[in-house]
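Hydrogens, waters and symmetry mates play no part in the numbers below; they use all other heavy atoms, side chains included. Keep in mind the model is a prediction, meaning the values are calculated, not measured.
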Amino acid sequence: MPHDPFPPISAYGIIGDLRTVALLGPNGAVESMCFPHFDSPSIFAAHVDRKNGGRFQIEPVLDDRAEKQLYLPDTNVLITRFLSEDGVAEVSSFMALDEADEAIPQALVRRAKSVIGDVRFSLTFAPRFDYGRASHHVTALDAHTLLFESDQEVPLRLLLHSSVPLEIRNRDGAAEFLLLEGEHASFIMREANAPDAASCGHEGYSADAFKRTCNFWRRWIGRCHYNGRWRESVHRAALALKLLTSRQYGSIIAAPCFGFPNEIGGVRNWDYRYTWLRDASFSTYALMRLGYTEEAGAFMKWLEDRITEDEDDATLKTMYRIDGSDIDGEVHLDHFEGYRHSRPVRIGSTNHDQKQLDIYGEVMDSIELFDATGSPISHRLWRNIRELANHVCRHAHEADASIWEVRSENRHFLYSRIMSWVALDRAIRLTTKRGLPGPVADWQKSRDAIYEEVFDEFWDPDQGAFVQFKGGTALDASSLVMPLVRMISPTDPQWLQHLDALSHTLVHDSLVDRYRVGEAFSDCLEGKEGSFSICSFWYIECVSRSGDLQRARLLFEKMLGYASPLGLFSEQLGKRGECLGNIPQAFSHLAMISAAFELDHRLNEEPSSRISGGKG
């Protein structure tokens, strides 16, 4: 396998089947894929090791070619186009879905086509099982089918079906084939042990799966309630968020990959293939606004199971595996070179058992929203929610690691106080609006005490700003949620003073740092990081709510310009505007959706701003 250069993070596209996803580079290669589930070990990981990670590549043999990726409109079907003086070729890639059948065979489908001229193609199918830690053997079942079997205690068995002859080269699948103009060839990867696996090898399967998958995505996005100025961008964000949801469990992962760094060559890279309660709760809010109550309801069922699974324990974990089970910790894959030598490559997380008090606020906010606009919550869930609210009353004034999961000592973070206030405020709303029983007087007393504490002990009059943690002087962009959760008016003079202070310290045009790394404390990690996309969209929404619509619109349009060529947003942006961190990041897309809704609403109410257009 060639040791070719790493493509930029922005060059990766994503496809999926609501069970797992695959990330494709610009060269016709599946370079990242965990199988059969989001949080399963990888079978392809060339995004963190070009030589030993594994890939599934189909590319035309064309000199001096240009490459372009695009999604078929309103779908998650990805087209990689190759353009050359000697011919034009395409490779379409998708994972099979059917709206009428949730139990269809799990299949990665790829179709090569010669568009102009006669084009020769090369195929390499090189799986590397268990994050490249397990060897495998391969068997030719016939001229068009190869069986790959991992050498593990519980082996994973993959079938590769092809419409052209295949051969075995060094335990990899390979093929070279010529397509005349207008001809196409199909390739299907399946788990051999799955029911109806043989159906994927039938003639006509790939064309039928293509139609059914396109229909699935177009019907799904057709239910979206957003038809504003940035329709195309919002729809792409919604399609990306949907790819991060589990059809089986209802859980929502934070991002579909691991190993992409926050600083090229640095140690800050994380595994986000799990369900963070914080991220998933925010995602539910975005899905509800878009009209996807079914997805929000599925997550609420998953969340209810987490809240009620141990009725004697009123605490929640920060993150879970997609099926709700616990995460074991963090492992370093030292045999991988790392994306552009960004090491160690991490899987799992050391933050799974951190104390993060803010999660109760995000959870309660999403539950109260779903109760009001989706479906009323059950008696059993309410009984456990009361215990969560009581837990917040008892622990809200303690130190924790908060939203940024600080790895050094716990502190009294502003963000955790804000979200503790939210947790109690939403519990009180549920009692007053629904007539649900609860110790409202106790909750009100604790909620009001947190409110007074935030304004008395986290306000720095010298800076005219709310500080990151009690006793400190540093600022933190997570404070931007204060008006978004209605803890303060977006036009309050004190808030506007704080917003101005943030603008002078953490904001660079439309790019917003979450905080200044190393300024107030050590996070026990070397290196730096980029600006945070979610903070940029939070800032834009705050500017819009403050009444400065034209500036907010300008900043929003600029941020859309930092999306990848496929319209996806990563976790962070570097100094050159490059994507950093895992992509696509749920946090980034849900914040963009929220900002788009906010801006559209206010621009529609402002007569002088009723101008159609904008990106998308």
Side-chain angles (χ1 to χ4, degrees), residues 223-226 234 237-238 241-242 244-245 250-252 254 275-308 316 357-386 388-389 392 403 415 418-436 438 440 443 447 478 480-488 490 534 537-538 541-542 544-545 586-587 589-598 600-601:
R223 291 162 38 210
C224 182
H225 288 180
Y226 181 87
V234 170
L241 279 178
K242 177 63 172 175
L244 307 184
T245 64
S251 50
I252 305 170
T275 297
W276 268 255
L277 291 188
R278 176 189 306 110
D279 303 46
S281 296
F282 279 138
S283 297
T284 302
Y285 178 72
L287 289 168
M288 289 288 290
R289 295 190 78 172
L290 293 171
Y292 294 111
T293 55
E294 181 180 337
E295 285 76 6
F299 173 70
M300 281 295 138
K301 175 62 173 65
W302 181 91
L303 180 61
E304 180 173 354
D305 290 342
R306 304 290 77 72
I307 293 174
T308 59
L316 294 172
L357 294 170
D358 64 286
I359 62 173
Y360 296 94
E362 286 103 1
V363 166
M364 290 294 295
D365 195 37
S366 63
I367 289 174
E368 191 272 334
L369 174 69
F370 187 75
D371 181 86
T373 60
S375 178
I377 62 174
S378 68
H379 167 69
R380 183 188 181 200
L381 178 56
W382 171 246
R383 189 173 60 195
N384 285 272
I385 286 172
R386 285 188 309 193
L388 292 183
V392 173
I403 182 174
Y415 183 81
I418 295 169
M419 298 314 295
S420 294
W421 178 89
V422 169
L424 295 173
D425 182 72
R426 299 329 186 239
I428 294 168
R429 288 189 191 192
L430 284 167
T431 61
T432 55
K433 289 184 178 181
R434 285 278 311 278
L436 299 173
V440 178
W443 295 345
R447 180 197 63 178
S478 64
L480 288 164
V481 303
M482 288 182 72
L484 308 187
V485 298
R486 299 184 294 278
M487 190 178 197
I488 192 171
I534 186 173
F537 288 116
W538 280 346
E541 185 166 350
C542 285
S544 174
R545 290 178 181 237
F587 247 177
H589 291 84
L590 63 92
M592 188 273 275
I593 291 169
S594 181
F597 265 96
E598 166 63 24
D600 260 324
H601 172 70

Requested in this report: Apply the test side chain to side chain contact (heavy atoms under 4.5 Å, CB included) to residues Leu277 and Tyr360: give CA-CA distance (whole Å), side-chain angles for both, the deciding distance (0.1 Å), then the verdict.
Outcome: CA-CA 9 Å; Leu277 291 188; Tyr360 296 94; over 6 Å; no

Requested in this report: Let me see the working for Val481 and Val422 under side chain to side chain contact (heavy atoms under 4.5 Å, CB included), right down to the final yes or no.
Outcome: CA-CA 11 Å; Val481 303; Val422 169; over 6 Å; no

Query - Candidate pair Ile385 and Arg426, rule side chain to side chain contact (heavy atoms under 4.5 Å, CB included), full reasoning - result: CA-CA 10 Å; Ile385 286 172; Arg426 299 329 186 239; over 6 Å; no

Report task. Verify side chain to side chain contact (heavy atoms under 4.5 Å, CB included) between Phe299 and Leu287, making sure each step is shown before the conclusion. Result -> CA-CA 10 Å; Phe299 173 70; Leu287 289 168; over 6 Å; no

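Glu294 is listed as a side-chain neighbour of Arg223, based on a closest heavy-atom distance under 4.5 Å. Residues Phe537 and His589 are not in side-chain contact: their nearest non-hydrogen atoms beyond the backbone lie 4.5 Å or more apart. Here the side chains of Trp443 and Thr431 are in contact, with some heavy-atom distance below 4.5 Å. When side chains are defined from C-beta on, Thr284 does not count as touching Leu369, because their heavy atoms never get closer than 4.5 Å. At least one side-chain heavy atom of Ile428 sits less than 4.5 Å from a side-chain heavy atom of Thr432. Contact annotation: the side chain of Met300 approaches that of Leu303 to within less than 4.5 Å [non-hydrogen atoms, C-beta and beyond].
In terms of modelled atom types and a separation under 3.5 Å, the side chain of Arg289 and the main chain of Tyr285 share no donor-acceptor contact. Side chain of Thr245 to backbone of Leu241: no donor-acceptor contact under 3.5 angstrom is found. One N or O on the side chain of Asn384 and one on the backbone of Arg380 form a donor-acceptor pair closer than 3.5 Å. Without hydrogens or angle criteria, Tyr292 side chain to Ala286 main chain gives no donor-acceptor distance under 3.5 Å. For the pair Thr275 (side chain) and Ile252 (backbone), a donor-acceptor distance under 3.5 Å is present. Remark: the backbone N or O of Ile359 is paired with a side-chain donor or acceptor of Glu362 at under 3.5 angstrom.
Ring orientation note: the planes of Trp538 and Tyr415 are close to parallel, at an angle under 30° on the 30°/60° scale.
When all heavy atoms of Ile403 and Asp358 are compared, the closest pair comes out as N-OD1, 3.5 Å. Between Ala254 and Asp279, the closest heavy-atom pair is CB-OD2, 3.7 Å. Between Arg486 and Trp421, the shortest heavy-atom contact is O-CH2, 3.5 Å. The heavy-atom pair separating Gly438 from Arg386 by the smallest distance is CA-CD, 4.0 Å. Scanning both residues, Ala296 and Phe370, for their nearest heavy atoms gives C-CE1, 4.0 Å. When all heavy atoms are compared, the tightest approach of Arg545 to Leu484 is NE-CD2, 3.6 Å.
Residue Cys542 holds its SG atom at 4.5 Å from CG of Leu480, rounded to the nearest 0.5 Å. Taking CD1 of Ile367 as the start and CG of Leu388 as the end, the distance is 7.0 Å to the nearest 0.5 Å. To the nearest 0.5 Å, atoms CZ (Arg306) and OG (Ser251) are separated by 8.5 Å. The NE2 atom of His601 lies 9.0 Å from the OG atom of Ser544; values are rounded to the nearest 0.5 Å. With rounding to the nearest 0.5 angstrom, the CZ atom of Arg383 is 13.0 Å from the CG atom of Leu436. Note that the CZ atom of Phe282 and the OG atom of Ser366 stand 9.5 Å from one another [nearest 0.5 Å].
Checking each of Arg429, Lys433, Arg434 against Asp371 for a salt bridge (charged side-chain N to carboxylate O under 4.0 Å, His left out) leaves exactly one that passes, namely Arg434.
Every residue was checked against the side chain to side chain donor-acceptor pair (under 3.5 Å) condition with Glu368, not counting sequence neighbours, and none meets it.
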